[in-house]
Amino acid sequence: MEKKKKRLVMRTAILAVLAGLVMYTLYTNVTKESRGILEEGDEAPDFVLKDVNGQTHQLSDYKGRGVFLNFWGTWCEPCKKEMPHMEKLAKEYKGQVEIVAVNVGESDFQVENFAKQYGLTFPMAIDTGKEVMDTYGVDPLPTTFMIKPDGTIDQIVIGGLVQEEQVRALFERVKPSS
Amino acid sequence: MGKVKCECGRVNPNGTILCESCGRALTEKAKQDKLVDMRYEGSARRSQTYNKTLIDKVWNFFSSVKVGIWIIVLLLVAASFGTILPQEFYIPSNVPPETYYEDVYGTFGKLYYLIGFHDLYNSLWFSALVAALGVSLVIASLDRVVPLYRALKNQRVDRHETFMKKQRLFAEREGTLQRAEWQRVKEALEKKKYKVRMENGALLAEKNRFTRWGPYVNHVGLIIFLLGALLRSVPGMYIDELLWIREGETLQVPGTNGEYYVKNNGFTLENYQAGEDPEVFNEAINRVGTVAKNYQTDAVLYKNENNELPGASPKLEEVQRDAIQVNQPMKFGQFAVYQTSFRQDEMKAMHFALTNKETGEEFGEIVVDLFDQQASYDLGGGYKVELLGYYPDFDGFTQEGEPTSKSPLPNNPAFLFNMITPQTPEGEVSFAQIRNTMEPLGETTFKMAFKSLDTRDVSALTIRKDLTLPVLAAGGLIFMIGVIQGSYWNHRRLWVREKNGQVYAAGHTNKNWHGLKRDIEAVLEGTTIPRPEDRQKE
């Protein structure tokens, strides 16, 4: 009797170990594609970038305020459409929600020219080595990460924000509550 | 459920065919058989005994060799389906697989895609089949090796005569044996490297028992191999990245978390030259035109000393310089960087001359770097060119007349220049492309004439790290050891027993019966022990 019980325990243990290994393999295989990609609720990874004026911007400096982190390129049509809304609301929400516009590695001239053409005054950082872009797993442009005052991601918006009201709704979500 | 008690007093596990100790047949079938089945020494395959709980049922399922073979067959058949059409990994990356298979292979292709055969080897069910094979290997091996080990460890020297009678090699005669005969056969056996035990008028000689473990060692190797394959999906164990790097560029090495940077100091493609290179190449050169001799990227590897935050300007310390050629990777740490592909003559910079349209007189040349433009280019003497816009992949004009670019890559660069000269201090606007200028805001006196183009090559490097290789190698080695262990030796046994005025002799081996017969013949020389005969003629 004693022996039979021992055998059952043994078999259960071996099967459990094997089942664990199999589960782990299947799980990692299934999640291989999405591994390392940020999701809503995750901590927004810190980064530091220089803007076209040579000023340094570090994400963690904006703790306590909401951040509208926007990845864009000068050739991207929807980026051109949403920039004026962003400019308008950046002024309105000054001190509450900050815009960090990350250009995906174009030249200073192109970025400056773009800012001048659309009259943009918020900081334009250039991600020369595309490191920040890789860290955030950005593929299509524009992609916007709405970051809450506590540094977590509230929402990830892929694609252009055509209406000013869309942008305003995002600003409202991440502005500090007080 | 009961144990089986043998007449000799040994209590055997339920399901035992031959008593672990004396070798008497315990089942009705074994009692009636003329020869005993010596597989697993007639021990109880554990799974056949208990079948009560779910755990036992699962265990028994995977313990079955029949099930194991079915899994292998299913795997082979399934794997073959993946070879009918190219896998998703191999189709051009610029077309979506949803349409590719249907477009290229028609309805069959569409079906192939819908069933999921386009990514078969990563599919859940294929992984599950491989996993089932792994589980089957572990359980089926355990279920056999433990009882076999027990049976061989517990075997008695004086086996029951019914056991001996049912061996394939057997002989008996009436009479007794002299002490000197026992001694003689013992010495002869020991000379042949047999381990000899003598008890109660019985002798057991045995050699190469370890060869019986060969198949199990082999399975351990296979399991380690599968574990190694499993390790690939563990983050950090396996990295395979591609990096396109232009000549002169310094880029982060993907997969190293920003720790390393690599610089491309130049890409070279050399072809074999008729006349210069050995004659053997001449025929091929004549037939196909060019034969590549070398693809090479001269690379410098840097370590980034300022790798705390993404985006921070790197502080680079040179680590090494290397010429990366096909099959000659640059190695550092656990990484190897391979030459994979290239693209020649990508546009780098364009030369324009400020030219008077009528006289053709030139007032200086400007060089516009396609990756780093200036807002204005001063030519001196009151001549200046301002850059109003840059469109790297010019795609036409919007309805408002604004030039657009369809990508950030300089595939079709176009520029909007403002030309300031002493004659035109206000400036004249010219839209310039390669070999084409336009005057969007009215006719101009001057134009930006395209002069020449600077190009450079782009090299593609593969960055690879594989920490699973040692595990795979260990698995393969153990696998081979198991094969050799099981193949090149035979487990040979000889039993001699004297009981109640009868002398019995029996022999058994797991393979190569001829070898055993020769051994027996030699050691029984000069004794009255009956020569065991082969009762199963091939």
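Remember, predicted model here, so these are calculated numbers, not experimental data.
Using a 4.5 Å cut-off between heavy atoms, B/V138 contacts chain A through its side chain alone, with no backbone atom that close. Residue contact with chain B, scored on non-hydrogen atoms closer than 4.5 Å, involves the backbone and the side chain of A/D46 alike. With a 4.5 Å cut-off on non-hydrogen atoms, A/K50 touches chain B through its side chain but not through its backbone. Only the side chain of B/Y261 comes within less than 4.5 Å of a heavy atom of chain A; its backbone N, CA, C and O stay farther away. Heavy atoms of A/I126 lying under 4.5 Å from chain B are absent altogether. Contacts between A/Y24 and chain B at a heavy-atom distance below 4.5 Å involve the side chain alone, from C-beta outward. Using a 4.5 Å cut-off between heavy atoms, B/I139 touches chain A through its side chain atoms alone. Contact annotation for B/P392: only side-chain heavy atoms (C-beta onward) come within less than 4.5 Å of a heavy atom of chain A. Heavy atoms closer than 4.5 Å to chain B are found in the side chain of A/I14, but not in its backbone.
Note: B/Y390 leads B/F62, B/Y391, B/Y390 in heavy-atom pairs under 4.5 Å with chain A. Highest contact tally toward chain A, considering only B/V58, B/L251, B/L387, is held by B/L387 [criterion: heavy-atom pairs under 4.5 Å]. Counting heavy-atom pairs closer than 4.5 Å to chain B, the top-ranked of the candidates A/E112, A/E106, A/Q117 is A/Q117.
A 6.0 Å sphere centred on CG of B/N257 holds no more than 12 heavy atoms belonging to other residues, nucleotides or ligands.
Inspection of non-hydrogen atoms places A/W75, A/E77, A/K80 of residues 73-92 of chain A under 4.5 Å from chain B.
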